[in-house]
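Please read the structure below before turning to the comments.
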Amino acid sequence: MKLWILFFLFTISNSIYTQVLENSGPASTAMAGLNVNNSNLWSLNNNIGQLVNINSSEIGVSVYQPFVLKEFTTSNLIFAIKNKNKAFGLNYSNYGNEFLQINSAGFGYSMKLSENLQSGIKLNYFHFNAGEYYNNKSVFTADLGLNAKLTKELNINLSIKNPTLTNLDDFNNEKIPTIMQFGIGYKFSEQLSLNTGINKNIAYPSSFLAAIDYQPTKKIRFRGGIGTQPTIAAFGIGVNLKFFELNFATQIHQILGWSPDFSITYKFE
């Protein structure tokens, strides 16, 4: 019974449900889900328009465990190739327990339209297996992303997931979530940036997000954030070891508790 209650809570929480479908990476987790402003490997799943801003080709894996329950663990493999003014990426994600299995894969393309404007598109494949309740369902969706640098310090970003309102099932008009995130990032220095944004699942109230990104040295990075709808606080730490990058983060839900997230990334420099 406890698992079914938690599954119900998963489906009504837009930020958590998104991460079950497609893990967003510890940087996103540490910033309370405010990920549209980030330019890293996980931009493939968050804001495909930002992927072209990575510095090199990368590969990474992550493990996300909502509320420290192994039944809801999401694992993700992600790979991106940077080539001058464009970037390509592939990802595979798996989530599952005895009641529900979700597998997803995606391919994304990001490019610079000008020195200060980048965009991208990603195609996703989802396969749901819920046994006798839904049997097997497979659907395709798309993501759109945009990054605009207004000044050296200020940038605005937009991502739209599933703009086509793709159905999961005709029964009860069940749909893959359509989620839009708009964010503003301001860089006070090379070490410190402040981010704010709005996350909107069209089926639920808007979430207001704020986060900070602080990098005191080249090897250490701290992130933290807060969000509403649901009320969450988050923090994380990243360690840069030249070719490898380790990130750990967790979110704290007002009712359901801790959700740790860990990743390791290798950079092909």
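Every heavy atom of this structure was used, including side-chain atoms; hydrogens, water molecules and symmetry mates were not.
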query = In terms of side-chain heavy atoms, does Asn35 have a donor or acceptor partner in Asn47 at a distance below 3.5 Å?
reply = no
inquiry  = Would a single hydrophobic cluster contain both Met180 and Ile156, if residues Ile, Leu, Val, Met, Phe, Trp and Tyr are joined by side-chain heavy-atom contacts under 4.5 Å?
reply    = yes
query = Taking side chain as C-beta onward, heavy atoms only, is Phe67 less than 4.5 Å from His253?
reply = yes
Exam field: side chain Lys200 to backbone Tyr204, donor-acceptor pair closer than 3.5 Å = yes
message = Within this structure, what is the CZ-OG distance for the pair Phe182 and Ser206, rounded to the nearest 0.5 Å?
response = 13.0 Å
task = Check whether the side chains of Asp213 and Ser193 place a donor and an acceptor atom closer than 3.5 Å, and report yes or no.
result = no
ask   = Which atom names give the shortest non-hydrogen contact between Lys84 and Lys82, and what distance separates them?
value = O-CE, 2.9 Å
note = Of all heavy-atom pairs linking Leu51 and Ala80, the shortest is CD1-CB, 4.0 Å
ask   = Asn76 and Ser62: side-chain donor and acceptor closer than 3.5 Å?
value = no
query = Are Asn157 and Asn155 close enough that a side-chain donor and a side-chain acceptor fall under 3.5 Å?
reply = yes
inquiry  = For Gln65 and Thr73, which I'm curious about, is there any donor-acceptor pair between the side chains at under 3.5 Å?
reply    = yes
task = Please report the C-alpha distance between Ile198 and Phe208 in whole Å, then the side-chain angles of each, then the deciding distance to 0.1 Å, and finally whether the side chain to side chain contact (heavy atoms under 4.5 Å, CB included) criterion is met.
result = CA-CA 5 Å; Ile198 299 174; Phe208 296 92; 3.9 Å; yes
query = When rounded to the nearest 0.5 angstrom, what distance separates CD1 in Ile202 from CD1 in Ile160?
reply = 11.0 Å
query = Do Ser104 and Tyr125 get their side chains close enough for a donor-acceptor pair, meaning under 3.5 Å?
reply = no
ask   = What residue among Ile179, Leu34, Val36, Thr228 forms side-chain contact (heavy atoms from CB on, under 4.5 Å) with Asn199?
value = Ile179
Polar side chain donor-acceptor pair, Thr178 to Asn162, under 3.5 angstrom = yes
ask   = How about Lys86 and Tyr109: do any of their side-chain heavy atoms sit closer than 4.5 Å?
value = yes
query = So, Tyr95 versus Asn103: side-chain donor-acceptor pair below 3.5 Å or not?
reply = no
request  = List the steps, then state whether side chain to side chain contact (heavy atoms under 4.5 Å, CB included) holds for Met31 with Asn38.
outcome  = CA-CA 10 Å; Met31 299 172 75; Asn38 297 338; 3.6 Å; yes
Hydrophobic cluster membership, Ile48 vs Leu41, 4.5 Å side-chain cutoff = yes
message = Run the side chain to side chain contact (heavy atoms under 4.5 Å, CB included) test on Lys137 and Asn167 for me, step by step, so that the C-alpha distance in whole Å, both residues' side-chain angles and the decisive distance to 0.1 Å come before the verdict.
response = CA-CA 10 Å; Lys137 298 287 182 180; Asn167 280 345; over 6 Å; no
ask   = Out of curiosity, Leu117 CG to Leu146 CG, how far, rounded to the nearest 0.5 Å?
value = 5.5 Å
ask   = Does the side chain of Ser43 reach to within under 4.5 Å of the side chain of Asn53, using non-hydrogen atoms?
value = no
Closest non-hydrogen atom pair between Gly89 and Leu44, with its separation = C-CD2, 3.7 Å
ask   = Which value, rounded to the nearest 0.5 Å, describes the distance between Leu158 atom CG and Ile184 atom CD1?
value = 11.5 Å
Could you list the donor-acceptor pairs under 3.5 angstrom formed between side-chain atoms of residues 231-249 and any protein atom two or more places apart in sequence or on another chain?
unit_1 : atom_1 : unit_2 : atom_2 : d
Asn240 : OD1    : Lys242 : N      : 3.1
Glu245 : OE1    : Lys267 : NZ     : 3.2
Glu245 : OE2    : Asn247 : ND2    : 3.0
Asn247 : OD1    : Arg223 : NH1    : 3.1

message = Just so I know, are the side chains of Ser159 and Gln181 near enough to count as touching, which here means a heavy-atom distance under 4.5 Å?
response = yes
ask   = Side chain of Thr196, backbone of Ala210: donor and acceptor closer than 3.5 Å?
value = no
task = Measure from the side-chain N and O atoms of Thr151 to the backbone N and O of Leu154, and report whether any donor-acceptor pair falls under 3.5 Å.
result = yes
ask   = Which atom pair, heavy atoms only, marks the closest approach of Asn195 to Gly185?
value = OD1-CA, 3.6 Å
note = For Pro66 and Tyr64, the nearest pair of non-hydrogen atoms, with its separation, is CG-CE2, 3.3 Å
ask   = Is a side-chain N or O of Ser119 found less than 3.5 angstrom from the main chain of Gly145, in a donor-acceptor match?
value = no
request  = Could you grab the distance from atom NZ of Lys122 to atom CG of Asp143, nearest 0.5 Å is fine?
outcome  = 5.5 Å
inquiry  = If you apply the rule side chain to side chain donor-acceptor pair (under 3.5 Å), what do you find for Asn45 with Ser24, and how did you get there?
reply    = CA-CA 6 Å; Asn45 289 346; Ser24 303; over 6 Å; no
message = With clusters defined by side-chain heavy atoms of hydrophobic residues (ILVMFWY) lying less than 4.5 Å apart, directly or transitively, does Leu69 cluster with Ile255?
response = yes
request  = Check whether Phe188 and Ile212 end up in the same hydrophobic cluster, where Ile, Leu, Val, Met, Phe, Trp and Tyr are linked by side-chain heavy atoms less than 4.5 Å apart.
outcome  = yes
task = Determine, stepwise, if the pair Ser263 / Trp42 fulfils side chain to side chain contact (heavy atoms under 4.5 Å, CB included).
result = CA-CA 10 Å; Ser263 76; Trp42 307 98; 3.7 Å; yes
request  = Would you mind reporting whether Thr265 and Ile59 have side-chain heavy atoms less than 4.5 Å apart?
outcome  = no
query = Rounded to the nearest 0.5 Å, how far does CZ of Phe222 lie from CD of Gln191?
reply = 13.0 Å
inquiry  = If you compare all heavy atoms of Val63 against all heavy atoms of Asp261, which two are closest, and at what distance to 0.1 Å?
reply    = O-OD1, 3.1 Å
ask   = Can you find a pair of side-chain heavy atoms, one from Ile102 and one from Asn94, that are under 4.5 Å apart?
value = no
ask   = In terms of hydrophobic clusters joined by side-chain contacts under 4.5 Å, are Ile81 and Val61 together?
value = yes
query = Which word best sums up how the rings of Phe79 and Phe268 line up, parallel for under 30°, tilted for 30 to 60°, or perpendicular for over 60°?
reply = perpendicular
